[in-house]
Structure formats: C-alpha cells, structure tokens
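Just so we're on the same page: letters track the sequence lines, and every chain starts at 1. Side chains included, hydrogens not; waters and symmetry mates left out as well; all remaining heavy atoms used.
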Amino acid sequence: MLKSVNCGELDEGHIATQPTLAGWVARRRDHGGIIFLDLRDRSGVVQVVFNPEQSPEAYRVAEQARSEWVLQVAGTVSRRPAGSENPAMPTGNVEVMASTARVLNSALTPPFYIADDVEVDESLRLRYRYLDLRRPVMQRNLILRHRVVKFIRDFLDARDFLEVETPILIKSTPEGARDFLVPSRMQKGSFYALPQSPQQLKQLLMVAGVERYFQIARCFRDEDLRADRQPEFTQLDLEMSFVDQEDILALTEALYTQMVETVTPEKQIIKPFPRLTYDEAMTRFGSDKPDLRFGMEMTDVTDLAKETQFRVFQTTIEKGGIIKGFVVPGQAGYTTQQVRDLEQAARDAGAAGLSHLRLRGTGPLGGLKDEDVVISAGLRMPLEWTRRLAERMGARRGDMVLLMAGPPKQCNQWLSTLRHQLGQKLGLADPNLLALAFVTDFPLFDWNEESKRWDSAHHPFTAPAEGEEALLDQFKPGDDMSRLRSRAYDLVCNGSELASGSIRIHRPELQEKVFTILGYTKEQVKAQFGHLLEAFEYGAPPHGGIAPGIDRLVTILTGASSIRDVIAFPKTQSGADLLFGAPSAVDAHQLRELGIRLVE
RNA sequence: GGCCCGGUGGUGUAGCGGCUAACAUACGGCCCUGUCAAGGCUGAGAUCGUGGGUUCGAAUCCCAUCCGGGUCGCCA
C-alpha cells in the first residue's frame, strides 16, 4: 500500500506516530514561509503542514502542488498548537508535519470545485461524474447505498433466502412499461427485451422449489424520466412460497425497521408501520402514497357545496365531480398575496381554481362573526353554513380551509399536490422522520379509457382479494370491474412509493380468467405467457413477494433531492449519459450484422 | 407530446433596447511562518446555447431550434 492510514481517521490517538498518507489536494494555503495542504481521501480530510526549515524537499513539492494533485506524504502526527484547532473538522485537533512528499500525479484545474457547498450545473457534474463523485457528500451517498444493500443481503441470508441471478436478455411482453429492445444477430428480425423486473422469472423460481428468493436486480423501463425515475434502476426483488400477505408485510416491516435502525439510526420511524387501505388513502389523503408526516387530511364536502350558489361547484357536481378540501391549521393569517400564490400553485398542478376560507380570531366556532370570515368570491354564505363546513372539516378559528372542485380522480390529485407543497413550505414535513406505511387492498383492474379495456392495476399475476374470485368467474364483457380488490400492497414513505408487491395467482385457470378480462385471446395468452401458465400446471406453490426500490430508498435515507444523486452514473431526463455520450450512432456494419436498416 | 423554469469568462451570478458586458470565486505572477472558503497586490480570461428576424442599435424584444431541470401524460 502507498499509504499506512486514512486521512480522515487521524486523531489524538495517532499523535507522535509517523504515518504515510496518500490522497488528493483539497485545499492549499500558502503563507510564503509555511504551506498548509488539506489532503483528502475517501475517509475525509486532514491538514498537512510543510515547513521549509524542517523538510525543504517536501516543502518544494507543496509549492508545486495544486488542487486535485495526487500526493503521497509521510510525516509525524502532532497536536495542533493551542488556539489553532479546527472544531469544524473531524481531524481538526491534529495535523501532520510533513517530512517527505511525492507527487503521484498532477491534475488539470478541475472544471468545478470538489466541495459539498458548491452548486454546480448538473449537466457539468454528469459530464465529469468522476470528479463530482469525489465530493464528500457523493461519497457518503455511495457508502450509504453500499450499507443498505449489505444489510439487505445479510438480513435475507439469515432468513434462508437464496440470491439467484436471472437473465438480462429476456422476452418482450406487451404488459406494462415500454421495453428496451436488443436485436438478435443470430436470429435477424427478432429481439430480446431487457427486464422491466424479474417478475415472471421469480415466479418460475417458486415453481422450481426455491421457496425463498431475492436478488438485487437491475430493471429497465423505456419511459419518460422524473426526479425519482431512471430508465435503469435497482430493485430488491423478493419472492416467497407458502405465504400469505401478512407474511410478506411482516418480513418487509422487519427488514426496513432493522435496516433504518442500523444504517441511519438518526432517522425516526413509526412503529408499527401504519396500514391504510387504498380506498382509505385516497379518501383521507387523495393519494395512494400519502406523506404521513403531517395531517391536513381531506374531507369531501360535495353535499355542503351543493347548497351554495357558486357556479363552479354546481357545474362540477352536475358533471359527477366532487368538492373536497383540507384545513391548513393556524394559517388564517395568510395574506391575499399568499393566497394568490396558492391559487397559482393549484393551477400549476392542473386545477381550474382554488377556493378558500380564513377563519379569523380565537375561541369556539359559535362566536364566529361575519367579519371574521374571509372567503373566496362566490362562496359567501350565511354564517350557519360556514360553521357547519368548519365543523365537518375539523377547522377551528385561526385556520384556513382550502377547497377544490373537479372530477374525483383529478380533484384528489390536485389536492394531494397542494397538500405536499404546503407540508414542505410550512415545515410540517420533518426530514428526520421516515413515515413508512403500508397501503393495501389495491384495485385489481383499472379502466383504460384510451384502449377501452381493463388493465391490471398492479400486474396480471396479482391475486384477487379473498372471496372475490367468484366475481371474476361471473365476468361478462361490459361489467364494471373497478370495485374488485386485489392482494396487492405498497410500502410508502414520506409521499413516495418505496415498494410494491402482491400475492400471486398460482392456479392456471384463474390466471387464464384474468387474461380473458384483460382482453387477450387464447392465442395471445399462449404466445405471451404460455411458458408461465405451463409451469403452473406442474404444481405451483402459493406464493407472493415484494419489490422495494433501492434508489428511492437511498434517496430518502441520504436526504438527496434526486435519485440521480444516489446512482454513480445516472442519465439525464432525455436518457443521455453525458460522460460516455450514450446513446450514440453505431457503425453501418454493426447494423448490417443485425439486419437493421434505419428509416429517415 | 403538453405546461413551467433555466442556459452570460473555468465555476456561480448580475445586467432585461445604447456599458469598454459587472461582481464573486477559481486560474497565472508577486508578497507573506499558523492558516483552514487564509490574506494583500496584480494579471489574463466571456462576441452572452445555436440559427433566423425586428431595430439606426440586441446578452436584452420576436420566431425557431438544441441542451439541462421540474411536472402532467406515461411509468403492469
């Protein structure tokens, strides 16, 4: 080794030792007669002192050295002179008096500072990702990610799970996200697909008798990107035989609880995890992934709204829409401008508008007078109505009430967006609290208006809720399948979906029934899913699983603002790798070998 | 595909119809033995993403386009 100790590990215990260090020059402070270099490696930074009277050769190296040069330094650790300690540095009580120094490599002036407190354009960071990753905060993200994955492996290994690798080149299926395709050279005109997840493979492993499977699996989906979505991402893929939903949820809860307590003990979690049904989550929070760190639960007031003369409410209700809203506690003092900003935020979220009430003063609602009520134009109603509304929504004097009108699905979505924004803005969302919770009883099917047919809400292998299989048997085209529940569940945290899973169908005749409802012909089922259905004929055990997203989890644990900050080499929103320049054109002969011709 | 935000020395920003395009920092040189975002002096460095247009005159206004970010659609 070119070094005997790591920079960031030096402390008083090393005083008078003579270590050899190696690392990058983080800072250089040249006082003319004495030079301080902050030397950085993965472990941290330590100050090295170069004194020309003590070691002129080392001093000459320090004179030459610049930011990001790679140095090897030998010297003596000593306590810093009284008064010159730096409490901001973990190694700030000591320093290394250099006796020899060697330049291992020089460096160009980097395009941006290698430091945490510097905001740099993200495309520049991505183009020089190897420099960006030198920043301590990025190193911490990589290290935390490693610890998370390490914890998962140890945890599952201790519980008899087998890590099994599955192929990256598989068969394209029409269900779900758009596939990334890989052309076959040996069978021109045919394509592999990259797996959206190892879903069918892990079910086949259950038929194979593996019983407990997991994999840290790379998944690929050719869909548009977001702050929390990359075209390739990592899941803990997990499947168990001979289990019911409760077994999977209990395992997941134990895994996350122990992981957080081990890896990020400074984070608080709610024990046991709250559980909401999908319907409950939608009713109370307008979202299937609610942020449970704060209240502001929603109330449907369509019936009360009907009593008003407000045109927007009336026409919305006539068209089957709802009027729903929530209380912002203690914010009756919002100014007209702040309310206008909220209205704009609502419109940005897609809503047509936003109504509000501000209930001024204190004391019981009974004491409310007309002059205490500041209300949106068009909503002015007798005090008695205002009191009933406030009571229903749980508003007190001093609070602000926000109301929206719209079709149920959209209205919920807009309200949920607004609720999250306010939760952040008002500081109600504690960054150290991980409000992990299960959402259960998802619908089995969603109506797809575009293709005029039923889609799987989760995926087509999801088992219907207990007791609802009979409804499937009676299915006729045209039936409303939207009330059918499934044995699908999500793990959510602070407003994002962290994991998704279900108990699977293991009987071929039920599986075929679901495919029929999804609109597949017998031939299509055979062509697309025949391998799975055939396997199920050979004694498929009851099974189920879950697939937690690793990237999103680490994003939340690190407090990163984007999934890209916890992936070593992520892609931009247009799917580009700015470091490699991918995707890129390929040689004509490569295309010819694959039997591919480009169209203009 | 829609909507929103951004693109000005290496970096981060200011400038929003008339400037020699400003500031900070990084970078080069000189001075400086206890700093830690060291300090002082000094120097070099941008035709303002790209292409059109309007105008006597465009970083600034208009159109198109590219790139980055957020979001809706999409993501079983």
Trainee: Across the strands shown, which category fits A/Ser197 at heavy-atom distances under 4.0 angstrom: base, sugar-phosphate, nothing?
Mentor: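 Since a base atom lies under 4.0 Å of A/Ser197, the category is base.
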Trainee: Could you say whether the aromatic ring of A/Phe36 and the base of B/rU35 stack, counting only centre distances under 5.5 Å and plane angles under 30°?
Mentor: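 Stacked: centres under 5.5 Å apart, planes under 30°.
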Trainee: Answer with base, sugar-phosphate or nothing: what part of the nucleic acid does A/Gln413 contact at a heavy-atom distance below 4.0 Å?
Mentor: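 Counting heavy atoms under 4.0 Å across all strands, the contact made by A/Gln413 is with sugar-phosphate only.
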Trainee: Just wondering, do A/Leu510 and A/Pro464 contact through their side chains at under 4.5 Å, heavy atoms?
Mentor: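 Side-chain contact under 4.5 Å: yes.
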Trainee: Decide, applying a 5.5 Å centre-distance limit and a 30° plane-angle limit (both strict), whether A/His31 stacks on B/rG39.
Mentor: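 Check failed, A/His31 does not stack on base of B/rG39.
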Trainee: Hey, does A/Pro111 reach any base, or is it just sugar-phosphate, or nothing, if we go heavy atoms under 4.0 Å?
Mentor: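 Contact class for A/Pro111: sugar-phosphate only.
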Trainee: When all nucleic acid strands are considered with a 4.0 Å heavy-atom cut-off, which category describes A/Asp121: base, sugar-phosphate, or nothing?
Mentor: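 The residue A/Asp121 makes sugar-phosphate contact but no base contact.
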Trainee: Taking the C1' atom of each, how far is B/rG12 from B/rA37, in whole Å?
Mentor: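 Here B/rG12 and B/rA37 have their C1' atoms 14 Å from each other.
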Trainee: Using the P atom on both, measure B/rU13 against B/rG7 and round to a whole Å.
Mentor: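 Looking at atom P only, B/rU13 and B/rG7 are 8 Å apart.
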Trainee: Would you say B/rU35 has OP1 or OP2 under 4.0 Å from some side-chain N or O of A/Arg29?
Mentor: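 It does not, given that no N or O in the side chain of A/Arg29 lies less than 4.0 Å from OP1 or OP2 of B/rU35.
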Trainee: Which whole number of Å gives the distance between the P atom of B/rU55 and that of B/rU50?
Mentor: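 My reading of the P atoms in B/rU55 and B/rU50 gives 23 Å.
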Trainee: Which one is paired to B/rG6, where only Watson-Crick or G-U wobble pairs with both distances under 3.5 angstrom count?
Mentor: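 Its partner is B/rC67 (Watson-Crick or G-U wobble, both distances under 3.5 Å).
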Trainee: Return the value, rounded to whole Å, for the distance between atom CZ of A/Arg127 and atom P of B/rG49.
Mentor: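 Distance check: A/Arg127 CZ to B/rG49 P gives 16 Å.
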Trainee: Of the listed nucleotides (B/rC36, B/rG70, B/rG12), which one gets closest to any side-chain atom of A/Arg564?
Mentor: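 Closest nucleotide among those given: B/rG70.
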Trainee: Please classify the nucleic acid contact of A/Asp348 as base, sugar-phosphate, or nothing, using heavy-atom distances under 4.0 Å.
Mentor: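 Nothing: the residue A/Asp348, judged by heavy atoms under 4.0 Å, touches no strand.
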Trainee: Taking atom types as they are modelled, is there a donor-acceptor pair under 3.5 Å from the base of B/rG69 to the side chain of A/Arg226?
Mentor: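 Checked by distance alone, the answer is no.
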Trainee: If only side-chain N and O atoms of A/Arg28 are considered, is one of them under 4.0 Å from the OP1 or OP2 phosphate oxygen of B/rC27?
Mentor: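 No, no such contact exists.
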Trainee: C1' atom, B/rC67 versus B/rU20: distance in rounded Å?
Mentor: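 The same atom, C1', in both gives a distance of 31 Å.
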Trainee: If B/rA22 has a Watson-Crick or G-U wobble mate with both distances under 3.5 Å, name it; if not, just say none.
Mentor: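 By the stated definition (distances under 3.5 Å), B/rU13 pairs with B/rA22.
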Trainee: Looking at every strand, decide which applies to A/Glu85 at a 4.0 Å heavy-atom threshold: base, sugar-phosphate, or nothing.
Mentor: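 Base contact - A/Glu85 has a heavy atom under 4.0 Å of at least one base atom.
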Trainee: Please work out if A/Arg125 contacts a base, only the sugar-phosphate, or nothing of the nucleic acid, heavy-atom cut-off 4.0 Å.
Mentor: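 If one applies the 4.0 Å heavy-atom cut-off, A/Arg125 turns out to touch nothing in the nucleic acid.
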Trainee: Can you tell which of B/rG68, B/rU11, B/rC75 lies closest to the side chain of A/Arg221?
Mentor: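 Within the option list, the nearest is B/rC75.
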Trainee: Tell me the closest heavy-atom pair linking A/Asp490 and A/Ser500, and the distance in Å.
Mentor: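 Closest approach of A/Asp490 to A/Ser500, heavy atoms only: OD1-OG, 2.7 Å.
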Trainee: Please state the P separation for the pair B/rC63 and B/rU71 - nearest whole angstrom.
Mentor: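 My reading of the P atoms in B/rC63 and B/rU71 gives 26 Å.
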Trainee: Would you check if the side chain of A/Ser416 reaches a backbone N or O of A/Ser287 as a donor-acceptor pair within less than 3.5 Å?
Mentor: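 Answer holds: no.
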Trainee: Applying a 3.5 Å limit to both distances, which nucleotide forms a Watson-Crick or G-U wobble pair with B/rC61?
Mentor: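 Across any shown strand, B/rC61 pairs with B/rG53.
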Trainee: Provide, to the nearest angstrom, the distance between the CG atom belonging to A/Asp117 and the P atom belonging to B/rC36.
Mentor: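 Whole-Å distance recorded here is 15 Å.
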Trainee: So what's B/rC32 paired with, Watson-Crick or G-U wobble, going by both distances under 3.5 Å?
Mentor: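 Base-paired to nothing in any strand shown.
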Trainee: Determine the contact category for A/Glu119: base if any of its heavy atoms lies under 4.0 Å from a base atom, sugar-phosphate if only primed atoms, P, OP1 or OP2 are that close, otherwise nothing.
Mentor: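 The answer is sugar-phosphate, as A/Glu119 gets under 4.0 Å only of primed atoms, P, OP1 or OP2.
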Trainee: Below 4.0 angstrom from OP1 or OP2 of B/rC27, is there any side-chain N or O of A/Thr109?
Mentor: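 False: A/Thr109 side-chain N/O out of range (4.0 Å or more) of B/rC27 OP1/OP2.
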Trainee: Without decimals, in angstroms, what is the distance between A/Met97 CE and B/rG34 P?
Mentor: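 Distance, rounded to whole Å: 13 Å.
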Trainee: Could you work out which one of B/rG34, B/rG68, B/rC75 sits closest to the side chain of A/Leu578?
Mentor: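 Minimum distance to the A/Leu578 side chain belongs to B/rG68.
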Trainee: Run the side-chain donor-acceptor check on residues 404-412 of chain A: report pairs under 3.5 Å with partners two or more places apart or on a different chain.
Mentor:
residue	atom	partner	partner atom	Å
A/Asn412	OD1	A/Lys324	NZ	2.6
A/Asn412	ND2	A/Pro408	O	3.3

Trainee: Between A/Asp455 and A/Arg453 (salt bridge meaning N to carboxylate O under 4.0 Å), is one present in this structure?
Mentor: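 Counted as a salt bridge, because a side-chain N and a carboxylate O are separated by less than 4.0 Å.
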Trainee: Is there, by distance only and without an angle test, a donor paired with an acceptor across the side chain of A/Arg229 and the base of B/rC74 below 3.5 Å?
Mentor: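 Result: at least one qualifying N/O pair found.
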Trainee: Within the 4.0 Å heavy-atom criterion, would you say A/Ala115 contacts the bases, only the backbone, or no part of the nucleic acid?
Mentor: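 Contact class for A/Ala115: none.
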Trainee: Give a yes/no on whether any side-chain N or O of A/Gln573 is located under 4.0 angstrom from OP1 or OP2 of B/rG70.
Mentor: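 For B/rG70, OP1 or OP2 has a side-chain N or O of A/Gln573 closer than 4.0 Å.
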Trainee: Taking CD1 from A/Ile563 and P from B/rC75, how many angstroms apart are they, rounded to a whole number?
Mentor: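 Going from A/Ile563 (CD1) to B/rC75 (P), I get 18 Å.
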Trainee: If you assign A/Ser562 and A/Asp224 each to the RNA chain B nucleotide with the nearest heavy atom, which residue ends up on the more 5' nucleotide?
Mentor: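 Mapping each residue to its closest nucleotide by heavy atoms, the 5'-most match is A/Ser562.
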Trainee: Any donor and acceptor pair, going by atom type alone, linking the side chain of A/Arg221 with main-chain N or O of A/Gln196 inside 3.5 Å?
Mentor: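 Yes, because the side chain of A/Arg221 sits within donor-acceptor range (under 3.5 Å) of the backbone of A/Gln196.
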Trainee: If I take atom CD in residue A/Gln230 and atom P in nucleotide B/rG69, what distance separates them, rounded to the nearest angstrom?
Mentor: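 It is 9 Å, rounded to the nearest whole Å.
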Trainee: Determine: side-chain N/O of A/Arg66 to OP1/OP2 of B/rG28, distance under 4.0 Å, yes or no.
Mentor: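 Answer yes for this pair, as a side-chain N or O of A/Arg66 is under 4.0 Å from OP1 or OP2.
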Trainee: Any luck finding a side-chain donor-acceptor pair between A/Asp565 and A/Asn141 under 3.5 Å?
Mentor: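 Result is no, nothing qualifies.
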Trainee: Walk me through whether A/His506 and A/Gln203 qualify under side chain to side chain donor-acceptor pair (under 3.5 Å).
Mentor: CA-CA 9 Å; A/His506 63 279; A/Gln203 293 192 244; over 6 Å; no
Trainee: Donor-acceptor pair, distance only, cut-off 3.5 Å: does the side chain of A/Arg485 make one with the backbone of A/Leu444?
Mentor: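 Flag not set: sc A/Arg485 to bb A/Leu444 has no pair under 3.5 Å.
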Trainee: Could you go through the side chain to side chain donor-acceptor pair (under 3.5 Å) check for A/Arg504 and A/Ser502 one step at a time?
Mentor: CA-CA 6 Å; A/Arg504 329 296 183 187; A/Ser502 64; 2.7 Å; yes
Trainee: Side-chain donor or acceptor of A/Glu223 under 3.5 Å from a matching atom on the base of B/rG73?
Mentor: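 Not at all, since no donor on one side and acceptor on the other fall under 3.5 Å apart.
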Trainee: Report the distance from atom CD of A/Glu122 to atom P of B/rG68, rounded to the nearest whole Å.
Mentor: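 The distance from CD of A/Glu122 to P of B/rG68 comes to 11 Å, rounded to the nearest Å.
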Trainee: Between B/rG68, B/rU35, B/rG70, which nucleotide gets closest to the side-chain atoms of A/Ala227?
Mentor: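 Taking heavy atoms from C-beta onward, the closest nucleotide is B/rG70.
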Trainee: In whole Å, I'd like the distance from the CG atom of A/Leu131 to the P atom of B/rA26.
Mentor: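 In whole Å, B/rA26 P and A/Leu131 CG are 18 Å from each other.
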Trainee: Could you let me know what B/rG43 is paired to, Watson-Crick or G-U wobble, both distances under 3.5 Å, or none if it's on its own?
Mentor: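 WC or wobble partner is B/rC27.
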Trainee: Using the C1' atom as the point on both nucleotides, what is the distance between B/rA38 and B/rA22, in whole Å?
Mentor: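 To the nearest whole Å, 26 Å.
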Trainee: Nearest nucleotide by nearest heavy atom, which residue falls closer to the 5' end of RNA chain B, A/Gly92 or A/Leu124?
Mentor: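 The residue mapped nearer the 5' terminus is A/Leu124.
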Trainee: Please tell me if A/Gln421 has a side-chain N or O lying less than 4.0 Å from either OP1 or OP2 of B/rU71.
Mentor: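 So the side-chain polar atoms of A/Gln421 never come under 4.0 Å of the phosphate oxygens OP1 or OP2 of B/rU71.
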Trainee: If you measure from the P atom in B/rG52 to the same atom in B/rA59, how many Å do you get, rounded?
Mentor: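 Roughly 14 Å separates the two P atoms.
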Trainee: Tell me whether the side-chain N/O atoms of A/Ser574 come closer than 4.0 Å to OP1 or OP2 in B/rG68.
Mentor: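 Yes, A/Ser574 has a side-chain N/O under 4.0 Å of OP1/OP2 on B/rG68.
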Trainee: For the side chain of A/Phe112, counting heavy atoms from C-beta on, which of B/rU11, B/rC32, B/rG69 is nearest?
Mentor: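 Nearest to the side chain of A/Phe112 among the choices is B/rU11.
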Trainee: Would you classify A/Glu95 as touching base, sugar-phosphate or nothing, given that sugar-phosphate means primed atoms plus P, OP1 and OP2, and contacts are heavy atoms under 4.0 Å?
Mentor: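 Since a base atom lies under 4.0 Å of A/Glu95, the category is base.
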Trainee: How many whole angstroms separate atom CG of A/Leu418 from atom C1' of B/rC72?
Mentor: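 Distance check: A/Leu418 CG to B/rC72 C1' gives 16 Å.
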Trainee: Roughly how many Å apart are B/rU47 and B/rA21, using the P atom of each and rounding to a whole number?
Mentor: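 Those two atoms are separated by 11 Å.
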